[in-house]
Structure formats: C-alpha cells, structure tokens
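Throughout, numbering of the chain's residues begins at 1 and tracks the sequence. Everything numeric in this text was worked out from a predicted model, so none of it was measured.
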Amino acid sequence: MAHLQLSAVAGARPAAAGGRGDEMEDVALLDSYDEEMGLPLPGASGAEAAEAHVRVTGMTCSACTSAVEAAVSARRGVRRVAVSLLQNRAHVMFDPALAKVEDIIEAIEDAGFEAEIIPESAVSQPKSQKTLSAQFRIGGMTCANCVNSVEGILKKLPGVKGAVVALATSLGEVEYIPSAISKDEIVQAIEDAGFEAAFLQSTEQDKVLLGLIGLHTERDVELLSDILKKIDGLRQFGVNSVLSEVEIVFDPEAVGLRSIVDTIEMTSNGSLKAHVQNPYTRGASNDAQEASKMLNLLRSSLFLSIPVFFIRMVCPSIPFLSTLLSMHCGPFLMGDLLKWILVSIVQFVVGKRFYVAAYRAVRHGSTNMDVLVVLGTTASYAYSVCALLYGAFTGYHPPIYFETSAMIITFVLLGKYLEVLAKGKTSDAIKKLVELVPSTAVLVLKDKEGKHVGEREIDARLVQPGDVLKVLPGSKIPADGVVVWGTSHVNESMITGESAPIPKEVSSVVIGGTINLHGILHIQATKVGSGTVLSQIISLVETAQMSKAPIQKFADYVASIFVPIVITLSIVTFSAWFLCGWLGAYPNSWVAENSNCFVFSLMFAISVVVIACPCALGLATPTAVMVATGIGANHGVLVKGGDALERAQNVNYVVFDKTGTLTQGKAVVTAAKVFSGMDLGDFLTLVASAEASSEHPLAKAILDYALHFHFFGKLPSSKDGIEQRKDKVLSQWLLEAEDFSAVPGKGVQCSINGKHVLVGNRSLMTENGVTIPPEAETFLIDLESNAKTGILVAYDGDFVGLMGITDPLKREAAVVVEGLKKLGVHPVMLTGDNWRTAQAVAKEVGIEDVRAEVMPAGKADVVRSLQKDGGTVAMVGDGINDSPALAAADVGMAIGGGTDIAIEAADYVLVRNNLEDVITAIDLSRKTFSRIRWNYFFAMAYNVVAIPIAAGALFPFTGLQMPPWLAGACMAFSSVSVVCSSLLLRRYRKPRLTTVLQITVE
C-alpha cells in the first residue's frame, strides 16, 4: 500500500516549543486545517464555545459559500465558521451567551439560502485522531489546473488532513480521519467536482476487498451473507453483486484472511470461490481501459475526418467526384452537406468529452486545455455552419472550414492517446516491482507435534505470519522470513541491486520477491502483505511519484493564468487583423478571392487558441520525477519525494557518520592489556559482564572476544548451534552486574561484586576521578594513532587495563570520498570517537574536515552549523543513533537500510550497504533536474515560438499561414514530446567511479 509521507497526526500539540522540527510541522498541518474548517485548536478555550452543524441548501458556487460565511460571521458571538459547498454544510463555533442557534439559521436564510440544524447524532464526531492514507484513481484530469482544483476540493473536506494528486499517474492520495469522513464521501466529492473517481486501497489493515467467482444470483448473495455472518471476528461486510466483490472488515487477531477465504469455499461446497483483489492489477486494468477508450475515439474520429479531408483536398481534382459533389440537394451543395453531417458527428459525439470537461472546468471557475479545444473547434464549426446557411439562402458561397474542427479533434485525440501510452511507460518501475511478487506459495502443513504432514498451494496474498513455506529452486520467495531448513543461494539484485548471489542457511533472513537459485528452502514467514520489504519499496516509490517537487509550483502558477492569457491573445489577434483589414492596412491580395477580412482574421485567432498547450508544462516535472524514482529503486536508491530529489542536486556538503557508514560496522577487538595484577581472563570476564547489558556495537565486539578467549574450540561449528550454546554459556559464565547505566557518548557503568565498574573513554575516567598511568596513556596514544578506539576499564576506582578495538573501513570509502570531491562536494566526517582516532581514520579515507567527540545529540548541531554558511547538507548515516542529524540535514541518506526501508528520518534510503550509492543519489538528482529544465525549456519555447507564428507574425514576410488543423497537430504532439523527453531518463546508468575519478583502466 502506498503511504503518504505526511506528518503523523497527533491528538495534541507538543508540550514545549523547543520540540523537534517534525513535531512542529505536525502542529502547523493541523492548525492550518483547523483554521480552514473552523475547528477549535488544541489548547483554545473551547469549553466556553458551542458548535452547530447546519445543512445549507441552495449553494451553487464558491461565491455562495463566501456569502454564507460573511452573513454568519457578522452575527454577534460567532467565533468561527466554515462552509463546505460540496457537502452543503456549515460548521459554526459560537458563544452560547451571546448567540443562539436560531440566530445562525436566521442569518443564513437572510442571505438567501435554506438552512436546518443537523442533529448531533447525525454528525460523525471524531473519536480519535487516528488517520488513514487512501489511494484513489481520478479520471478526467488534463493539466495542472485540474490537479490544483482536485487538491483544493479535497483539502477543504472535513476530516481530510492532507491530499496529493499526481497528473502523470491519475492517482490521488488522501490522509483523512476515517471517523470524520469515509472514502465514499471523498469519492463523491471528487465526482461532484466533475471528475471520475474510484477507491483503490488504504492503509487500514483489517479491511480487504475479495473478488468472488460464482456470485450470479440473489440466492448466491444470500448464501454468501449467511456464511460471512457466522465467521467469528468478521465485523462487517458489503457485497457488490454487480462487480462480484465483497468488502470485509475483520479483526486480524481473531481470524486470518486465509481462514475467511477457506470458509467461504468450504461452506458453499465450492460454488463460491474467493480471492484477494490486487489493487495494482485493477489499476493496470483501468490504464488499459483508458487507452482503449482513447483509441476507439481516435478511430471513430479518423473514420469520419478522412472523408471530410478527402472531399476538401482530393475530390476537386477528380472530375467525376467534383461534379457529383457540386450537385444540389435542396439549397445545399452535396459536398457541403456531407461534410456538415460528418463533422457534426465528430464535433458533438466524438468530441463530447471535450465539451463535458470544459463545462466542468468553467463551472468550477477554472480553465484547462479542453476549454481551448472547445473554443477553437466551436468557432470553426459555428462559422462554417453560418457560412453554409448564408450561401444556401443568398447564392453567394463564402469559404467553409468544416475540416478544421474535425482535424483539430482528431489530432488532439491522437496526441492524448500517445500521451496515455507514454505516461504508462513512466510507471514501468512500479509494474516491474509488482511483478516480483509471486502469485502462489507452497504452504508446508504440520500436525500439532510439528511433523510434516503435507503441502498445499495457496494464493501468496493469503500467507500469514508464522506460516512455513517451501521454496523450490528457481522460484520466487513469497514473503519476508527466516530460513528454518535447507541451504541455498538467493538472487537479491532486484531488491538491493547487489548482483552477487547471497548464501542462505538456517537462521538467514530472506526477502520476499527475491529468487531462490539452487537448493530447496523452508522459510518461516515473518512479514506479509504491506509489511514486506517489497511492499514498502513499492509504497515508497509510489509516494515519491505522487509528491510534488518545489519546482512544480512554477508550472502550477503558469497553468493557472495560461488559458485566460491565450484567450486574450486570440481576441487581440482577431481584432488586430480585422481592424487592419477594415482600415486597408494590408493589401487585398493577402485575402483569398472567395473569402473576406473576417474569415481571414478568424483563422488566425482559432490557430492561436488551438496551438497553445498548458499540458506540456504540467507534465514536465511529474513525469521526470516518476521515471527517476523508478530508476533509483532499480539501483537500490529509494527516494521519498520529489522535494528530496530536488534538494539533492544542490548538495555541496556530505557529512558521513564514521561507525557503520565509512566503516563496516563490524568492530573487532585487536588488543587487550592489563595494567594491574589482575589476570587477563578475569579482566575480560569483568569487562564482558559490564558490557553484556549494552546494545552498543563495541559491546558486542568485547563479548565475542571474551567468549572466544575462554571457550575457543569448545563451541559447535553450526551457526544455529553457536547461538543456542552461546546463550547458555553467557548465563553461566558472566558475573552479575547491578545498577547498570549507559552514559551516552562515554561508556557504561555498573556494580559487580559490590564494586563500581567503569568501561568507556577518557572522559568517563576523568569525570569519575580515575587516574590513567603513563604507560597506559602511551599504549592508548599508539592505538589511537593507528585508527583504533581505546576502551578503558576501572574497577573500584582504580585503573585496571584497556582494550583496542578497530572497525575496518569499507573498501570503497576512500574512492567514494575522492569521487565526491571531483563532483564539487565537500566531505565531512562526524564521530563521537576521540580526535586522534578520528583523524587517523579521516586521513586514511582522504577527508580533511573532521568533527570528533560529538555526542549523538550534538550531530544535528554540526549539520546546522554547515547550513548557516549557506550550504546544502546531506547527512549519510545508518539511522541508528544519527536520526536527529538525518532529520536536520537538507537531505538525509540512511545507508545499509536493507530490510528496514521505512527509516522515518531519511529522505533517501540506500538499500545496499555501499557508499557508491551516495554518488548515485546525487548524480541521479542532477540528471533528473537537468531533464526537467529541458522539459520546461521545450514547453515554454514551444508556446513562446508557436503562438506568434499561429497569430501570423511571419505572414507579412513569408506569406505562410498556419491552418488551424496544423496548429491542433502541433499542440497534440507538444505534450507527447515532453513525456518522451522524460522517458529518456530510463537510459540512465549509474556513474562508474573510474569515470568520476577520470581514471583510465587498461
């Protein structure tokens, strides 16, 4: 399921103003909504206020809502009022001591509308602030103006917290409070606005749409209803016999989806079979239907327009046909009458969709491409009809241009059809990811004792957590899980981008959608449905494709004023040519013999209206962002939105966290030295006992070192056996640590055998008054100079010894740092380690700018200090202890996310644990926005050049006039050219480091 990356909705504001930035964004989002809808803000004196919900009848436009709001607001005691045109409802907050409900009713009626109070029982009151994100397919949008219109309508709906609409995918995502507004009301609101809408899917985990085979009669519906009523844990259901679907709401803790499907089939004796509907399949079906519908319209238009064109251009050269068409049929010539009939069908039957869309747009106070098409074709058609009738009754036959409107509609439909096909190509990445999900899974059946009793093939969408699944060689893994039997190699390239097969054995983690290569595996499902890595990746890519890059605001603004400007230019063009002709400013030879100044001017004006194209501007950004996010996913670089993609192009600082980012994150103890009379074995036992309760990576390294020191050669060889024996050994071998506490950025402290134990860095020792002997200081300096971290140990106030730990650098670290420098990016290393170790590591990778001994909470301050200098900062970390820094950075990159795709603080998730993807992310962003700029250049240059040519700017010098049908063809192909330009991004190849470094490899 595609999740909206909007801030989580909370029931109240943060307690302090100094909270995190994202919490303040939550407040801003809620406040803006509350102010718009007239709801009380948290913390406001709402106890003294009363509220009233009023049904208002007679409103038809936004002017009506403004009139109602003004009338009610003018009443004494009214604090706030919000009026919804689509829901015919007003929500009023007022002081009951100063105003009454009757006063509100009277105010609305005085404004000329009917009003009645809605009983409280009929008003859906939000019980909680839990929100859902739902995806809707929206049809009928043609340009950025339509997108703005739909978004504006959705955001005004009570209970809607946010809405994002994408023109390229014809999808909308709405974040809403389900207890305040239903998805059906959202669909109705979109349809009332003049667009087509259909619900696709939501984040509500306990609601599923099942398709049914065998649901034909009312008796079948009754049988299904009886079955569903008897299933425990199934809360409600709704049967749609027309579509053979049933929507069920169930408690997943009480009943599994597979149980529901099996119960339907078994209880009906096989007459009814249920299956989970795949929303992506439905979406693909809708896309195919739209393309098919457009193709049928195009065929019809061509079938009717070609004879019209033939009659006008070819028949006059063929004597027999010319004579036949010149015959009279009543007062009309046969040829003119045939053209009138054929073009009328094209204009009002095939072209009906343009009239309907234009009417809807104008009715809601907006304009779009359909308005321009309707104006141009109607002007040509109306003039031709008038000229035809004038010639029939006067005997003087002025020129008629029926073929103009027919050819314009045909070319526009051709452009729309090609645009639909091209836009479909931009979402290929999503389709490929969806296709990774296998359709079926082999379920291993076990008895109560856990013995294998059989196998069963089931729908992969019915897999439940805990199921044991059999995966054959060459087949796809159905769900995320853990190997419980078998060994093999798995191809994970389609998820992580890692080309080398990954070995898998018992206890290995596997990812759904990847391919088992060699041996048979039994896996236990841990994550299914929307919780799988693949589903999260699909969700992330969809969300990114839905989001708007800030540069899109430019296109939205231009689109909002584009059509009125074009209409104005058309009127000016007509007026200028007509007045010049009337005043004799140009020679009569410019006008055809059987024409006149009015027709001559009208053709220029129609060409201006038809050639202008607002669609190309609206498609320039979203199509490129859609292709780029899909390409990124194919390379293991997941982008969370168009805004992040836009910011990444300007990055000039990349801040690397040291541990787990520049290093492998696999700390190893390289030295242990005791500086007291304590035995080395006892020293290691003491340190391991203190670190056993810590979750720090260094603690794990110390435990492993001590374990192998004491039990080398005594543990079993198998991985599974080691883990089981290790837990048992640790419980018997380690000393009991009391009063354990971790000191952030310094170490740990506890009590063992009643004595205080300190394990950490110099700061921890100094704070507790522990003196480090000179020989230990010398040894420590030597360790730190060799890029190793020194861990100091004190027992009962005395220094005991120290350990040296190293975390090997990633092999590509130095080359990536050098590559970033070549790209003009300044690398910075950030670590909580001491300065000497930090500088040694930085020197090894080639980083000059080092920030060491930085506490986890201070990493965000380092990022902000770089931003104050005017830099755009990218922070690269593992998302473990650097989330504040990732959130503070302009671009947060969580590296090595692997199976943890939903790292909240990051703008990018680099699935592979490979630093090369940092360069890929920046390079992809730069290439994408270079393409977007070219798209805008093409779109703007097209209109800037084409409109003057259509207006006849070159006619006085060249004598060339652009006929309206050719102008229509140019307009149709302009948007197609922009989409095709974006599709060129599909040829993107991630940069090779040898190319970036300008190294020639022989």
Side-chain angles (χ1 to χ4, degrees), residues 1-4 6 84-89 124 131-178 180-204 207 209 238 240 242-243 245 247 277-294 352-354 356-366 368 370 416 420 423-424 427 542-543 545-548 618 622:
M1 169 52 222
H3 300 274
L4 271 180
L6 298 172
S84 170
L85 172 65
L86 298 175
Q87 296 194 346
N88 293 317
R89 182 180 295 184
S124 56
T131 63
L132 291 178
S133 295
Q135 192 178 67
F136 299 84
R137 179 165 297 280
I138 303 172
M141 298 188 297
T142 58
C143 64
N145 254 7
C146 300
V147 173
N148 295 338
S149 177
V150 174
E151 283 186 349
I153 288 163
L154 289 173
K155 289 176 181 177
K156 290 181 181 178
L157 295 175
V160 171
K161 291 295 181 183
V164 181
V165 178
L167 175 64
T169 56
S170 298
L171 293 177
E173 285 192 353
V174 182
E175 188 182 48
Y176 66 101
I177 302 174
I181 188 171
S182 69
K183 63 178 176 58
D184 294 327
E185 289 175 318
I186 294 173
V187 169
Q188 186 63 47
I190 297 172
E191 290 179 344
D192 287 346
F195 301 91
E196 299 170 1
F199 171 79
L200 289 181
Q201 55 188 350
S202 79
T203 55
E204 194 168 12
K207 182 181 288 187
L209 188 66
N240 187 329
V242 177
L243 298 177
E245 295 176 344
E247 185 178 68
Q277 291 279 41
N278 188 335
Y280 299 105
T281 303
R282 295 180 71 190
S285 175
N286 287 334
D287 290 341
Q289 287 178 5
E290 183 181 0
S292 176
K293 181 179 179 182
M294 200 63 68
K352 176 184 175 182
R353 65 181 303 277
F354 296 111
V356 172
Y359 167 73
R360 289 171 175 171
V362 173
R363 188 181 68 181
H364 290 89
S366 62
N368 55 22
D370 297 302
K416 283 293 175 186
V420 168
K423 285 198 294 185
S427 58
E542 280 189 325
T543 302
Q545 293 180 349
M546 291 290 303
S547 67
K548 285 186 178 181

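In this structure, the side chains of L171 and I138 stay at 4.5 Å or more apart for every pair of heavy atoms. Counting heavy atoms from C-beta on, the side chains of Y176 and K161 never come closer than 4.5 Å. By the 4.5 Å heavy-atom criterion applied to side chains, M294 and R353 are counted as neighbours.
Between F195 and G139, the closest heavy-atom pair is CB-O, 3.4 Å. Taking all atoms of both residues into account, the shortest heavy-atom contact from G140 to C146 is O-SG, 4.5 Å. The shortest heavy-atom contact between S170 and M141 is CA-CE, 3.9 Å. K155 approaches A163 most closely through the heavy-atom pair CE-O, 3.4 Å.
Distance CD1/I186 to CD1/I181: 5.0 Å, rounded to 0.5 Å. To the nearest 0.5 Å, atoms CD (E247) and CG (L209) are separated by 6.0 Å.
Among the candidates V147, L154, I153, the single residue satisfying the side chain to side chain contact (heavy atoms under 4.5 Å, CB included) test with E151 is V147. Partner V174 forms a side chain to side chain contact (heavy atoms under 4.5 Å, CB included) with one of V165, V164, V160 and no other, that one being V160.
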